Protein chains: 2
Amino acid sequence: MSTGVNLKELAAELKLSPSTVSRALNDSYEISEETKKKVVSMAEKLNYQPNPFARSLRENKSKTIAVIMPERMSSFFSKVIDGIEEVTHQHGYHLLIYSTHEDVEREKKIVNLLMNGRADAIVMSVSSQTSDISHLARLHERGFPLIFFDRICESIPTTKFITNDYESAYDGTKHLIQQGCRKIGFLMLSKELSITRERYRGYLDALKAAGLAPTPSLQLTCAHEEEKNIEAIRDLLLSEDRPDGLVSSVEKLALATYHAVKKTDIKIPEDLKIISFFSNLSIAGLLTPSLTTITQPAFNIGEECAKLLIKKLTKPRQPDLPNQVISIPSKITIRASTLVEY
Amino acid sequence: MSTGVNLKELAAELKLSPSTVSRALNDSYEISEETKKKVVSMAEKLNYQPNPFARSLRENKSKTIAVIMPERMSSFFSKVIDGIEEVTHQHGYHLLIYSTHEDVEREKKIVNLLMNGRADAIVMSVSSQTSDISHLARLHERGFPLIFFDRICESIPTTKFITNDYESAYDGTKHLIQQGCRKIGFLMLSKELSITRERYRGYLDALKAAGLAPTPSLQLTCAHEEEKNIEAIRDLLLSEDRPDGLVSSVEKLALATYHAVKKTDIKIPEDLKIISFFSNLSIAGLLTPSLTTITQPAFNIGEECAKLLIKKLTKPRQPDLPNQVISIPSKITIRASTLVEY
DNA sequence: AGGCGTTTCGCAAACGTTTCCGTATTTTAA
DNA sequence: TTAAAATACGGAAACGTTTGCGAAACGCCT
């Protein structure tokens, strides 16, 4: 656990003062090129590594960004984080990553833990239980850099990155209608979520545009436990007024639907067509039948979040993060699960 | 960005010295119960949050653990991290998470970044390219707490958590033989990896025990790019001496195999039976046909790693992490992909 | 009453940086 | 030739904690 040499020892070795060595390593104009060379080479020789905490304490920044997401076992969130890491890593930033497991109490706890400056910024997607957002509002009011993606808080005036939820859901629903569906259901997580609201709007408007009346019994709000979701979907599929098409607003509910279908005689796409927001493309093609997907630009969303934050954190006098919603379009890939039978 | 009150301000408010306040908050025996009450209540009132960097600088520990893994889009690694987070979170530890993307240069860079004490410990799974382990050896020689899981470094004398790779592969291969396979192939990532070595041994020994000769042409070493893997597997499946059974040592290669099979006339399980190490149980059941899996106790592995580390980091005078390999058994779940046709 | 131990608290150093300021030396300008 | 300016570096404070040490105040016993 012996941390190597520190600045003072390095300075002693060079017969220079710590301040000079510090400046030399930070490439200050006050130091001659000659001594810079000497200092740098000696630092490498002794493998000097500056203590990050001393530096953070002094500079009041941590070179660390926190990411808070509702669940880890999700290709979407994994890809977003890959995108974030791609750009933050290039700038020497580290990533603290937290999963709330869709638990708002845990989310609050994490946010409170981060209020002491351990991270320079937070980029997050709220839990499905989050309706009271006071913990997030407080964070933002303190001037703490906060960015949302996907599951956003509209009421907090900062930058949010989403996909074109409304249009994608609209187009996806329209696609089902064009494929002959007339009784189209909608699968969602909590109605509190920004994404379900927007996607639901798109779904409803597409129905309306086609002159179809929405049926409340076909709209299913699911919970966290996979088994229960499968049962609920199965019940829906076996109900009297069962759907001939489904729009799933999240990946996990599409998978739950496939599980539910397996337990019945229902055939996709003959009896039921389904389209879903879905990020795991490799899996989508392997399902039977392959799944028509609305693919969010997950990696790209992560990159954009990180780019904005890096700009805010590294440039000298940056304004606050602008209060705007930036939408990066999804892409619909039509596969067998919505193709009409011949 | 205004960090709230600090210790000095809190002390001034209470008309006490900072040292007394610090001791009171840390529940020191030197402070009377009466003033402890006062201090704690005032701290809550002013929402005092101790500066983590000042504390880390003084105490020389960061309350942070780093996790390094080869890829993020993997249900196995996601579950391991869930397990780690579950126990570290309870002890107030934070998680820095890094993905090497199977790139050993990136792995080295990350390890070097962590040598300055930013994390109190590292738990990692090495990249498939890692053959030179000098960066890891150096870390361990410095006394830095280091734990491996799954893809381990045998030669570094610390604690490693794995599953019973040899036995699982042996049993899995034996299962294929019992189901009638005679030409069993093996899919692997780099031969450098501990897991492929062990699983390969199990595979070979099971063949030998059944009196079957191993065929080198049936043993495929895959790369990082999914497309190429699919092509390579397809070529294998269409070759003259094609396998009637496959043992896949990692999840992604089983998925690649399903993709490859889709491009051919081959039927699973009639023409080809397949078993794979696989963590995404939900998906395994949805594949067509459903996939026989060897499921590693991913969450449990993460928990055990974290428990050991927490013990090492929080108890006062702990010995070094013992040089041992701890194996937590996998579970084989037989599904349709290995069932004999009738 | 005086000594001694216990309780309770304050002072100041320390952790390893960065940076404000001062200063000695050299260069430039008049 | 001299004053001013530029260059190159050192001393010391500061960031916010924790903790070793010292020192009051108090009670207790003999």
Side-chain angles (χ1 to χ4, degrees), chain A residues 1-40 42-43 46-64 92 115-118 120 314 316, chain B residues 1-40 42-43 46-64 92 113 115-120 314 316:
Chain A
M1 196 111 77
S2 71
T3 64
V5 297
N6 60 22
L7 196 63
K8 209 182 300 178
E9 294 163 353
L10 177 58
E13 194 70 28
L14 285 158
K15 296 193 192 311
L16 288 172
S17 87
S19 53
T20 303
V21 175
S22 172
R23 276 188 269 251
L25 291 174
N26 292 336
D27 202 26
S28 162
Y29 71 99
E30 297 185 88
I31 305 300
S32 71
E33 291 303 322
E34 189 185 5
T35 58
K36 275 184 191 172
K37 297 283 179 200
K38 274 192 265 186
V39 169
V40 168
M42 180 63 80
L46 300 187
N47 190 31
Y48 166 72
Q49 303 275 8
N51 183 308
F53 305 118
R55 181 175 281 176
S56 291
L57 178 60
R58 174 62 213 236
E59 307 224 294
N60 200 30
K61 54 186 173 183
S62 62
K63 279 269 191 180
T64 299
M115 293 224 308
N116 56 14
R118 190 178 283 270
D120 295 337
T314 58
Chain B
M1 196 111 76
S2 72
T3 64
V5 297
N6 59 24
L7 198 61
K8 210 183 298 179
E9 295 163 354
L10 177 58
E13 194 71 28
L14 284 159
K15 298 193 190 309
L16 288 172
S17 86
S19 55
T20 302
V21 176
S22 171
R23 276 186 266 251
L25 291 174
N26 292 335
D27 202 26
S28 162
Y29 72 99
E30 296 185 87
I31 305 299
S32 71
E33 290 303 322
E34 189 184 4
T35 58
K36 274 184 191 172
K37 297 284 180 199
K38 274 192 265 186
V39 169
V40 168
M42 180 61 81
L46 301 186
N47 190 30
Y48 166 71
Q49 303 276 7
N51 182 307
F53 305 120
R55 182 176 279 176
S56 290
L57 178 59
R58 174 61 212 237
E59 306 222 292
N60 199 30
K61 53 185 172 184
S62 62
K63 280 266 189 182
T64 299
L113 279 177
M115 293 224 308
N116 56 15
R118 189 178 283 270
D120 295 338
T314 58

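Here is the naming used below: chain letters follow the sequence lines, and residue numbers restart at 1 for every chain. Everything numeric here is computed off the predicted structure, so don't read it as measured data.
- The nearest whole Å value for the distance from the CD atom in B:Glu34 to the P atom in D:dC26 is 14 Å.
- Looking only at side-chain heavy atoms (C-beta outward), B:Leu10 and B:Leu25 come within less than 4.5 Å of each other.
- Following rounding to the nearest Å, B:Glu30 (CD) and C:dC9 (P) show an atom-to-atom distance of 10 Å.
- Residue A:Arg118 contributes atom CZ, which lies 14 Å from atom C1' of D:dG16 at whole-angstrom precision.
- At a threshold of 4.0 angstrom between heavy atoms, the contacts of B:Thr35 are confined to the sugar-phosphate backbone, with no base atom among them.
- Residue contacts shown for A:Ser19 include a base, since a base heavy atom lies under 4.0 Å away.
- A:Asp27 places a side-chain heavy atom less than 4.5 Å from the side chain of A:Lys36.
- Rounded to whole Å, atom P of D:dT7 lies 12 Å from atom NZ of A:Lys36.
- Atom pair A:Leu57:CG and D:dT18:P shows a separation of 12 Å (rounding to whole Å applied).
- If you check every strand for non-hydrogen atoms under 4.0 Å, B:Ile31 touches sugar and phosphate atoms only.
- The CZ atom of B:Arg58 sits 13 Å away from the P atom of D:dT17 (whole-angstrom rounding).
- The nearest whole Å value for the distance from the CZ atom in A:Phe53 to the P atom in D:dA14 is 24 Å.
- Contacts between residues 21-29 of chain A and DNA chain C, defined by a heavy-atom separation under 4.0 Å, are made by A:Ser22, A:Arg23, A:Asn26.
- If you take CD of B:Glu9 and P of D:dC15, they are 10 Å apart, rounded to a whole angstrom.
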